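Take a look at the structure below.
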Amino acid sequence: MNPRSIRFRLTAWYSAILAAALIAFGILGFFALKQSLFHAVDETLEDRVAGVKRFMEEQTASLSVREIRDEFREHSVLGPGGDLFQVCDATGVWLYRSAALENAGATIELPGQIGSGGVFTERVVAGALVRFYAKPVQVLGKAYTIQVASPVDELVEGMRSFQWTLVLAIPALLLAAAAGGWWLSHRALAPVDAITAAARSIEGKNLDRRLPVAATDDELQRLSTTLNQMLDRIEGAFERVRRFTADASHELRTPIALVRTSAELALRKPRSEQEYRDALQEILGEAERTTELLEDLLSLARADAGKASLELTNVDASEVLREAGVVGERLAEPKGLAFEMARLTPGLNVRANREAFRRLLLILMDNAVKYTPAGGKVNVEAKRVGGTLVVEVRDNGCGIRPEDAPHIFERFYRADASRNRDSGGVGLGLALAEWIATAHETAIQVETKEGEGSTFRFRLEVTEV
Ligand code: ADP
């Protein structure tokens, strides 16, 4: 039993509060019961004094003292406890004394010794506790004290047994409630243990496991659902990293294998200088391709690590477009494509990272050229719309199939896997382009129709300088 466990603390608090409530209830109940029982006895005593007084007023005028005594004796046997009363006058002469009180030698207060409201006293008479009520009265001009009594032994006994009931029942109730609370909190918290055990068993190699979700629509269900959603995200990220590493290794292996084969072939037998040159040229080409790939991978890895934040400054958009235009011409010409670059008035500044802006344009232009067959057309448009510069790279090439469109920004995704390696890169271009756009707080929109061409569009904020 761990005293720091929620289960223990819940039960302890619950029992402590219940104990305080039961004890308070017991004490209050005891005194309220006592008060009401004694109040009932006192009311009866007062009624009996009133009865005796009425009787005296009716009889005293006409009867002698002796006759009155006889009448009292007769009268006294009528009511319950009726034989316990005595009356004396102002000088202490007894008018009547019931036998039981006389035998017990019960004293009486004289009319002058007590207030007009009377007094209640408790005395032990013949071994039993008796409650007395003495009240001064005036009957036909003479002062008397009427004293009545009632045994309260049974009441006291009843109170005592009530007290014992409380003393025994409260701990028993508490014990039962604490046991019930312990069991209930065990039931309520059992799913937490199940969640803990399941969570403990989830590791890198079984990330597809999920925590149990009880259909209780309560806090614990929400907790497991939220943790499961978190696991979904972690699993997704894990899977992306795994795929990225696998794809990256695969893509690196191809050029290195080519370099190796070219070198081995060249060294197999003596060759002419031209043959050696060709082999070295091929090796150089593959080395360049590998460097490019490594740089792309490095940029993405830095972006993932959140370390590659781009510094944005005021950049003259017309200059960047002009420079990109030169590269675009060079890419389009060998394929026999018409290329057109927008011209902007110099001095139109945008908030951007110059190098990244250029890179973004090159990636989009490179793709447009790669995926447009000979005779097609690639053009870059740029126009200012309000506070933004809208840049569009259009082509009338093969377009993108609807089922590929949602994936083209994913790393290493290539729409047609069987495409000749020379016709495209490795599928990192658009992933980099998207990261650059995000770093510029913008996004790349794509409009495309299979067989008709594509338009890639992004916006940059114009800064007035
Ligand atoms: P890749 O190195 O294959 O060009 P990208 O990330 O740049 O990789 O592009 C991902 C995929 O998106 C490409 O393989 C291609 O299928 C598709 N794609 C990109 N740009 C175009 C375009 N202008 N026209 C048609 N398809 C495109």
Side-chain angles (χ1 to χ4, degrees), residues 240 243-244 246-255 258 285-286 288-301 303-304 324-325 327-329 331-332 334-342 356-382 391-439 443-458:
R240 277 197 297 281
R243 219 174 42 217
F244 183 65
D247 289 343
S249 326
H250 177 77
E251 292 299 337
L252 281 171
R253 217 171 46 205
T254 317
L258 282 173
E286 288 304 329
E288 278 169 357
R289 213 198 284 261
T290 314
T291 312
E292 256 173 47
L293 172 60
L294 279 175
E295 267 165 17
D296 286 354
L297 285 174
L298 215 60
S299 305
L300 283 171
D304 283 345
V327 183
E329 295 275 1
L331 290 172
K335 269 195 83 173
L337 298 178
F339 179 79
E340 211 175 292
M341 171 56 85
F357 180 15
R358 205 176 90 97
R359 184 87 206 274
L360 175 53
L361 272 175
L362 291 189
I363 292 171
L364 297 182
M365 283 175 354
D366 184 44
N367 278 349
V369 170
K370 272 191 307 199
Y371 302 112
T372 305
K377 192 175 155 199
V378 171
N379 60 328
V380 181
E381 287 172 13
V391 182
E392 283 180 356
V393 179
R394 270 174 205 281
D395 65 63
N396 61 357
C398 64
I400 301 166
R401 284 179 304 178
E403 64 266 34
D404 290 323
H407 304 290
I408 56 170
F409 289 98
E410 288 171 14
R411 293 169 188 189
F412 295 110
Y413 186 85
R414 307 203 57 215
D416 185 354
S418 63
R419 215 185 321 241
N420 178 347
R421 180 163 173 267
D422 292 334
S423 78
V426 295
L428 286 180
L430 286 183
L432 267 174
E434 188 181 43
W435 172 70
I436 294 172
T438 311
I444 300 173
Q445 295 167 333
V446 189
E447 277 166 24
T448 182
K449 200 154 186 211
E450 204 184 343
E452 287 183 19
S454 320
T455 302
F456 286 74
R457 181 184 307 117
F458 65 93

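Order of appearance sets the numbers: ligands from 1, and atoms from 1 within every ligand. Owing to the predicted nature of the structure, the values given are computational and were not obtained by experimental measurement. Atom set for the values below is all heavy atoms of this structure, side chains included, hydrogens, waters and symmetry mates excluded.
Residue contacts with ligand 1 leave out F409, since none of its heavy atoms falls under 4.0 Å from the ligand.
In summary, of the residues considered (D247, L293, L252), a side-chain contact (heavy atoms from CB on, under 4.5 Å) with V426 occurs for L293 alone.
A salt bridge does not link R411 to D296: none of the charged nitrogens lies less than 4.0 Å from a carboxylate oxygen. Between R289 and E292, no side-chain nitrogen of the basic residue sits less than 4.0 Å from a carboxylate oxygen of the acidic one, so the salt-bridge criterion is not met.
Between I363 and ligand 1, a contact under 3.5 Å exists for no N or O pair.
Here the closest non-hydrogen pair linking T372 and K335 is O-NZ, 2.9 Å.
Residue I408 has at least one heavy-atom neighbour below 4.0 Å for each of these atoms of ligand 1: 6 (O), 10 (C), 12 (O), 17 (C). The ligand atoms of ligand 1 that sit less than 4.0 angstrom from a heavy atom of K370 are 1 (P), 2 (O), 4 (O). Atoms of ligand 1 lying under 4.0 Å from any heavy atom of R414, numbered from 1 in the order shown and given with element: 3 (O), 14 (O). Contact atoms of ligand 1 toward I400: 25 (C), 26 (N), 27 (C) (distance under 4.0 Å to a heavy atom of the residue). Short contacts between ligand 1 and D395, defined as distances under 4.0 Å to a heavy atom of the residue, involve ligand atoms 22 (C), 23 (N). The distance from ligand 1 to the heavy atoms of G429 drops below 4.0 Å at these ligand atoms: 5 (P), 6 (O), 7 (O). Every atom of ligand 1 is numbered from 1 in the order shown, and the set under 4.0 Å from a heavy atom of G427 is 1 (P), 2 (O), 3 (O), 6 (O), 8 (O).
Nearest to atom 16 (O) of ligand 1 by heavy atom, out of A431, A415, S454, is A415. Of the listed residues (F412, F456, Y371), the one carrying the non-hydrogen atom nearest atom 4 (O) of ligand 1 is Y371.
Considering CD of E392 and CD of E381, their distance stands at 5.5 Å, rounded to 0.5 Å.
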Check against side-chain contact (heavy atoms from CB on, under 4.5 Å), L337 and K377: CA-CA 5 Å; L337 298 178; K377 192 175 155 199; over 6 Å; no

side-chain contact (heavy atoms from CB on, under 4.5 Å) evaluation trace for L362 with M365: CA-CA 5 Å; L362 291 189; M365 283 175 354; 3.6 Å; yes

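Note: F357 and F458 have perpendicular aromatic rings, judged against thresholds of 30 and 60 degrees for the angle between ring planes.
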